[in-house]
Amino acid sequence: MPELPEVETIRRELEREAVGKKIKTVEVHGTRTVRRQTKKAFATKLDGAKITSVDRKGKYLLMRLDSGDVLVIHLRMSGQLLRAAAKDPLPKHTHVVITFTVGGQLRFVDPRTFGEMFVTSPDQLTEEVPELAELGFDPVDEAVSWQTFGHLLMAHKMKLKAFLMDQTIIAGLGNIYADEILFAAGLRYDRQTDSLSTQEMRRLYRSVVETLHDAIKYGGSTLADEQYVDLNGKPGEYQEHHKVYDREKLPCFRCRRANISKAKFAGRSTYFCEVCQV
DNA sequence: CGATCTACCTGATGGC
DNA sequence: TGCCATCAGGTAGATC
């Protein structure tokens, strides 16, 4: 589910809601969410720790603890982090409950159980989570020059959508934002990375940054199934600003001539305008 | 190395 | 109403 804008929205709320709080107890249900370490090791490392800061890299959330450890969270397709009071009824598929000494609970709810959480020390981070060390640059957190972006494009011979979604090149883009970015840039998903003019490279990079900032401004995207909600259970609003995603057969906002097309690319639905994207 | 598929899961939806 | 197939925001690992 969540891509960079949704994870960033949650990160900002956690910064306000969780930083400074001390963990009293940790409950883990089932075996899927905490799977890289035992539930006991997970809970022991969290017990009594205070959250000092919340970082994000791509779609990963990193909650730093005063013990020096870091709580790593990836929501994958259907994970939600929810703030709640201890007396609030537990939703179905609640896998982890963190209770603070003051200020309620943080809950991890995840129907499809692809998401995960674990605690480790910073020096073991790259060893235990190699994919984290492999992540490319974060386009919101660490902007690069368009020339650097251009070099990355030239260095990877592949189709544009595959390039945008490759977490080892750019961290944080998924299926929705890849399509929205390509529409904003006026480029087709199946263009080859090394076929872009200088102007197209600049336009693509600007679209990456602007689309993501815009989506964060509106609190991310929530689709019809309401799987993405923020810490307080509220949906985002950026779906109202989607130009192509989930708009098959609807008229293109830009050219007003073509209807949005839907294709399959790398097993994923891909939405685009045949006229505006070349 | 890249491209493509499959698996991990539950739940919503649409066709019959 | 039920049954079945398909699809869903992500990613790792196998295979070719």
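Numbers restart at 1 for each chain; the letters A, B, ... are given by sequence-line order, proteins then strands. Side chains included, hydrogens not; waters and symmetry mates left out as well; all remaining heavy atoms used.
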Tell me the interatomic distance from [X], atom [atom1], to [N], atom [atom2], rounded to whole angstroms.
| X | N | atom1 | atom2 | answer |
| --- | --- | --- | --- | --- |
| A/D110 | C/dG10 | CG | P | 14 Å |
| A/K157 | B/dG2 | NZ | P | 12 Å |
| A/Y60 | C/dT11 | OH | C1' | 8 Å |
| A/D246 | B/dT13 | CG | C1' | 13 Å |
| A/L4 | C/dT11 | CG | P | 11 Å |
| A/R76 | C/dG10 | CZ | C1' | 6 Å |
| A/E226 | B/dG11 | CD | P | 16 Å |
| A/E248 | B/dG14 | CD | P | 13 Å |

Below the 4.0 Å mark, does [N] have OP1 or OP2 next to a side-chain nitrogen or oxygen of [X]?
| X | N | answer |
| --- | --- | --- |
| A/R268 | C/dG10 | yes |
| A/H74 | C/dT11 | yes |
| A/Q167 | C/dT11 | yes |
| A/R32 | B/dC9 | yes |
| A/K92 | B/dG11 | yes |

When you get a sec, tell me which of [options] is the closest nucleotide to the side chain of [X]?
| X | options | answer |
| --- | --- | --- |
| A/H93 | B/dT10, C/dG10, B/dA3 | B/dT10 |
| A/K262 | B/dC8, B/dG11, C/dA8 | C/dA8 |
| A/M77 | C/dA8, C/dA12, C/dT11 | C/dA8 |
| A/M158 | B/dA3, C/dT11, B/dC9 | B/dA3 |
| A/Y245 | C/dT11, C/dA8, B/dG11 | C/dA8 |

| task | Report the base-pairing partner of C/dG2 (Watson-Crick or G-U wobble, both distances below 3.5 angstrom), or none. | result | B/dC16
| task | Take atom P in C/dC3 and the same atom in B/dC9, then report the distance between them in whole Å. | result | 24 Å
| said: With rounding to the closest Å, how many angstrom separate the P atoms on B/dC5 and C/dT6? | reply: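 Their P atoms lie roughly 15 Å apart.
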| task | Flag as yes if A/F114 stacks onto the base of C/dT11 (centroids under 5.5 Å, planes under 30°), otherwise no. | result | no
Under 4.0 angstrom, heavy atoms only, what part of the nucleic acid is [X] near: base, sugar-phosphate, or nothing?
| X | value |
| --- | --- |
| A/F265 | nothing |
| A/K264 | sugar-phosphate |
| A/T168 | nothing |

Parallel under 30°, tilted from 30 to 60°, perpendicular over 60°: which one fits the rings of [X] and [Y]?
| X | Y | value |
| --- | --- | --- |
| A/H93 | A/H95 | tilted |
| A/F149 | A/F137 | perpendicular |
| A/Y177 | A/H242 | perpendicular |

| message | So, taking the atom named CE in A/M63 and the one named CG in A/L81, what distance separates them when rounded to the nearest 0.5 Å? | response | 7.5 Å
| Taking the hydrophobic residues Ile, Leu, Val, Met, Phe, Trp and Tyr, and joining any pair whose side-chain heavy atoms are under 4.5 Å apart, which ones share a cluster with A/L135? |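 Listed partners: A/Y60, A/L62, A/V70, A/V72, A/F118, A/L125, A/V129, A/L132.
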| said: Checking one residue: A/L90. Which other hydrophobic residues are in its cluster under the side-chain 4.5 Å linking rule? | reply: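 Answer for A/L90: A/V97.
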| Residue mapping more 5' on DNA chain B - nearest nucleotide basis, A/H156 or A/G267 | A/H156
